[in-house]
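Throughout, a chain's letter reflects where its sequence line sits, starting with A, and its residues are numbered from 1. Quick note: numbers below take in every heavy atom, side chains included, and nothing from hydrogens, waters or symmetry partners.
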Amino acid sequence: MNVLEQTEQQLKQEIAQAVLTAGLASKEELPEVILEKPKDKSHGDFATNIAMQLARIAKKAPRQIADDIVKEINQEEASIEKIEIAGPGFINFFMKNDFLQQIIPTVLEQGENYGRSNAGNGERVQVEFVSVNPTGDLHLGHARGAAYGDVLCNVFDAAGYNVEREYYINDAGSQIDNLGLSVEARYLQELGQDVEMPEDGYHGQVIIDMAKAIIEEDGDKWLEKSHQERLEYMKEYGLKASLKNIERDLKDFQVEFDNWFSERSLYEDNQIQDAIKKLEEGDYVYEKDGATWFKSTAFGEDDKDRVIIKQDGSYTYLTPDIAYHKNKLDRGFDKIINVWGSDHHGYVARMKAAIQALGYSADKFDVKIIQMVNLFEGGEKVRMSKRTGKAVSLRELMDEVGIDATRYFFVSRSNDSQLDFDMDLARSQSNENPVYYVQYAHARICTMLEQAKNKGFDVDAEFNPEILTAEKEQDLLKKLGEFPQTIADAAEKHAPQRLTNYVFELASLLHSFYNAEKVLDADAQERTTARIALMKAVRITIANALNLIGVTAPEKM
RNA sequence: GUCCCGGUAGCUCAGCUGGAUAGAGCAACAGACUUCUAAUCUGUAGGUCGCAGGUUCGAAUCCUGCUCGGGACGCCA
């Protein structure tokens with residue numbers, strides 16, 4: 001438990017006790033004491049609305065209740081400087097500063113671990129994300145999902161969850177046949193033959209590159225082989241090459257997985273049949289029109305039942321996916337989270353039904369939908385299409401915009417809000433991008449610390465935190481103290497954008513402090529020593545936050 | 001037609017468990033570099049939180065209806 005939490009807990013208990021002592025409510029009636037951090041500093045360090053909540057129970061005016069509570073609070077015990085009753089009945093607490101004084105030592109001691117907590121209690125969470133079909137390369141929209149999923153995992157890890165990252169490789173469906181046909185067509189085209197691309201073919205440049213690579217390796221030897229043999233080779237080649245591309249692009253984007261799960265492996269050990277059997281046992285399967293159906297409507301959310309075995313005997317996309325989710329759940333995770341593109345949201349209800357049909361609770365399963373990214377270039381919306389291969393690739397984004405800026409930008413937006421991506425703006429790398437603002441704060445501190453050494457200050461000296469009483473110093477201290485809770489909240493709400501908001505605010509306080517106060521001052525040794533310690537703590541916290549976002553923390557800019 | 005997501009400042013977006021006067025960046029305007037980095041800071045201006053009801057001490061936040069934008073509604077993946 002961190003300093004801030006301890007203070008909060010103590011205060012909550014004190015308030016609850018005061019309510020009981022004042023006879024305003026019985027133990028059973030007592031609502032949970034809610035403490036908030038007021039936006040306005042004149043409202044104190046903490047505020048509670050307990051008096052308003054008790055109005056109905058105690059049948060008294062909120063302000064009167066507040067008054068009764070305040071009388072019973074032991075200010076000394078809870079390190080309270082001052083209590084005020086305000087507005088309709090808020091109780092504002094102004095804390096003694098001593099609770100802030102422990103923050104710097106805590107940060108310095110914990111170093112790169114500062115911010116980590118055990119909020120998740122080691123709960124086992126698995127996040128499956130990206131999982132792009134291996135039929136080409138990664139595009140803009142996938143980049144958003146990749147950034148979101150990765151930072152979500154980082155946040156889970158830091159908040160004390162036991163997290164595992166997984167990529168589901170769709171290497172068994174008809175899209176792989178299409179890939180083979182596409183590579184084959186490009187191969188033949190490259191060798192001068194007049195062939196058309198298949199109707200559902202993949203038109204991206206990567207496919208052409210694959211064809212060229214095959215020619216480089218094997219020349220025209222596949223011309224002589226049977227169509228079947230050639231196609232088989234093209235398929236496997238395309239699959240391997242795509243996966244290699246995807247894995248490399250993701251790695252360069254700072255995204256790595258613990259597991260790459262192959263759809264084919266489900267076929268190899270009868271897992272699909274097992275899953276279907278499981279559904280049959282629960283009587284969720286029936287035959288109709290020559291096909292086999294899953295009764296997904298039995299769970300209230302899906303609007304129609306779903307075919308799992310087609311008339312021709314083959315599976316639909318859903319069938320191996322049910323087996324896959326069974327596999328995941330059988331692995332014993334407390335929670336499995338899927339990060340999907342918005343075009344798959346209609347799929348959620350049937351999957352949730354499947355999970356229940358398999359005998360698992362629906363709340364073990366969660367889907368985070370990543371809304372669309374609209375690309376703008378030259379002031380115009382660019383239509384994205386995988387088919388025509390015209391979308392901006394992750395590779396281009398990394399080359400032209402940079403990894404840091406791309407990741408920061410995507411993570412700072414809520415996943416369920418659509419997002420406009422202005423290519424020209426991103427390319428310009430101007431100060432319009434907040435990532436530079438945050439990185440600059442980090443670099444600034446590094447320069448200061450460097451200067452401190454050069455000027456002969458002892459940067460590791462004992463310091464007295466009590467003298468950090470300037471307003472901007474106190475603001476920084478409070479913000480530093482919030483970091484562990486911010487991470488825990490981001491994990492619990494699956495909202496990594498809390499992190500970018502936080503680090504931006506921290507950077508802003510740092511810049512403001514920097515402009516208002518001088519850190520290195522030979523005429524004020526004690527203050528300088530304390531401020532150096534403060535700067536070190538801020539630097540560590542910014543670096544830790546950026547690290548979780550997957551963005552570098554430069555020492556110079 | 002049904003379902004999902006969104007509508008907050010000129011633009012792009014935050015907004016926690018329902019709290020006090022709704023925030024930030026960019027753009028605009030006015031200032032601050034002989035100083036630890038001006039990729040910064042300070043200030044000004046900018047709002048019917050899509051609309052209408054409801055719940056309550058209190059709603060951008062919860063509920064209902066409507067509206068606009070996007071997406072999904074396959075024995076495709």
Side-chain angles (χ1 to χ4, degrees), chain A residues 32 34-40 42-43 47-49 51-53 55-56 61-62 86-90 92 133 135 170 173-176 178 200 288-293 301-304 306-312 314-318 321 341-349 369 371-372 374 409 412-422 425 429-437 439-441 443-452 454-455 485-486 489-490 492-493 495 497-498 500-501 504-505 507-508 510-521 528 531 535 556-557:
Chain A
E32 193 201 345
I34 294 167
L35 277 186
E36 59 175 74
K37 295 173 203 91
K39 285 169 232 159
D40 189 335
S42 69
H43 296 146
T48 181
N49 60 353
M52 277 104 92
Q53 290 194 312
R56 218 172 336 168
F90 288 102
N92 297 331
N133 284 347
T135 53
N170 292 110
S174 61
Q175 77 282 356
I176 296 297
N178 269 326
D200 294 322
K288 195 182 85 178
D289 303 335
T292 305
W293 297 69
E301 277 191 52
D302 207 0
D303 57 345
K304 55 187 86 155
R306 306 292 168 176
V307 170
I308 50 175
I309 303 176
K310 301 184 224 171
Q311 277 181 347
D312 67 4
S314 64
Y315 298 132
T316 60
Y317 179 80
L318 177 64
D321 212 16
S342 63
D343 53 339
H344 286 76
H345 89 261
Y347 199 78
V348 176
I369 295 296
Q371 290 296 330
M372 275 187 43
N374 297 311
F409 185 75
S412 60
R413 263 65 164 173
S414 155
N415 63 289
D416 47 26
S417 184
Q418 285 183 33
L419 180 157
D420 290 347
F421 194 94
D422 186 332
L425 195 68
Q429 304 212 354
S430 68
N431 59 348
E432 290 174 26
N433 196 323
V435 71
Y436 301 116
Y437 180 88
Q439 288 181 317
Y440 185 54
R444 243 184 176 171
I445 297 175
C446 290
T447 308
M448 265 189 278
L449 296 176
E450 190 62 33
Q451 285 285 329
N454 293 343
K455 289 182 179 175
Q485 192 58 50
T486 299
D489 286 348
E492 195 193 328
K493 310 275 185 215
Q497 74 272 15
R498 298 272 169 91
T500 51
N501 287 344
F504 187 88
E505 286 162 12
S508 178
L510 183 275
H511 286 309
S512 178
F513 165 78
Y514 180 92
N515 276 276
E517 312 281 355
K518 195 164 167 67
V519 173
L520 306 175
D521 183 356
T528 297
R531 283 187 172 169
M535 289 301 100
K556 281 197 165 51
M557 282 176 81

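- Taking side-chain N and O atoms only, A/Lys304 has no distance below 4.0 Å to OP1 or OP2 of B/U2.
- Side-chain atoms of A/Ser412 do not come within 3.5 Å of backbone N or O of A/Gln497 as any donor-acceptor pair.
- The partner of B/C62, taking Watson-Crick or G-U wobble pairs whose two distances both stay under 3.5 Å, is B/G54.
- Checked by distance alone, A/Asp416 brings no side-chain donor or acceptor within 3.5 Å of a matching partner on the base of B/G6.
- For A/Tyr315, no side-chain nitrogen or oxygen approaches OP1 or OP2 of B/C75 to under 4.0 Å.
- Distance, A/Lys455 NZ to B/U35 P: 11 Å, rounded to whole Å.
- An OP1 or OP2 oxygen of B/C76 is reached within less than 4.0 angstrom by a side-chain nitrogen or oxygen of A/Lys310.
- The base of B/A20 is not paired with the side chain of A/Asn49 by any donor and acceptor separated by under 3.5 Å.
- A/Asp289 comes within 4.0 angstrom of a nucleotide base, judged by non-hydrogen atoms across all strands.
- Side-chain contact check for A/Asp489 and A/Gln485: at least one donor-acceptor pair (N or O, by modelled atom type) lies under 3.5 Å.
- Applying the 5.5 angstrom centroid cut-off and the 30 degree plane-angle cut-off, the aromatic ring of A/Tyr437 is not stacked upon the base of B/G25.
- Using a 4.0 Å heavy-atom cutoff across all strands shown, A/Thr447 reaches at least one base atom of the nucleic acid.
- The CG atom of A/Asp303 sits 7 Å away from the C1' atom of B/C3 (whole-angstrom rounding).
- Residue-level contact check: A/Leu419 touches the backbone only, with heavy atoms under 4.0 Å from sugar-phosphate atoms and none from bases.
- For B/U42, the OP1/OP2 oxygens have a side-chain nitrogen or oxygen of A/Ser512 closer than 4.0 Å.
- Between the OH atom of A/Tyr317 and the P atom of B/G74 there is a distance of 17 Å, given to the nearest Å.
- Checking the phosphate oxygens (OP1, OP2) of B/U56, no side-chain nitrogen or oxygen of A/Gln53 falls inside 4.0 Å.
- Judged by ring centres under 5.5 Å apart and planes tilted less than 30 degrees, A/His344 fails to stack against the six-membered base ring of B/A72.
- Between A/Arg531 and B/C36, a side-chain N or O to OP1/OP2 separation shorter than 4.0 Å is absent.
- Among the atoms of the strands shown, base atoms are found under 4.0 Å from some heavy atom of A/Ala291.
- A glycosidic torsion no more than 90° from 0 defines the syn conformation; B/C4 lies beyond that range and is anti.
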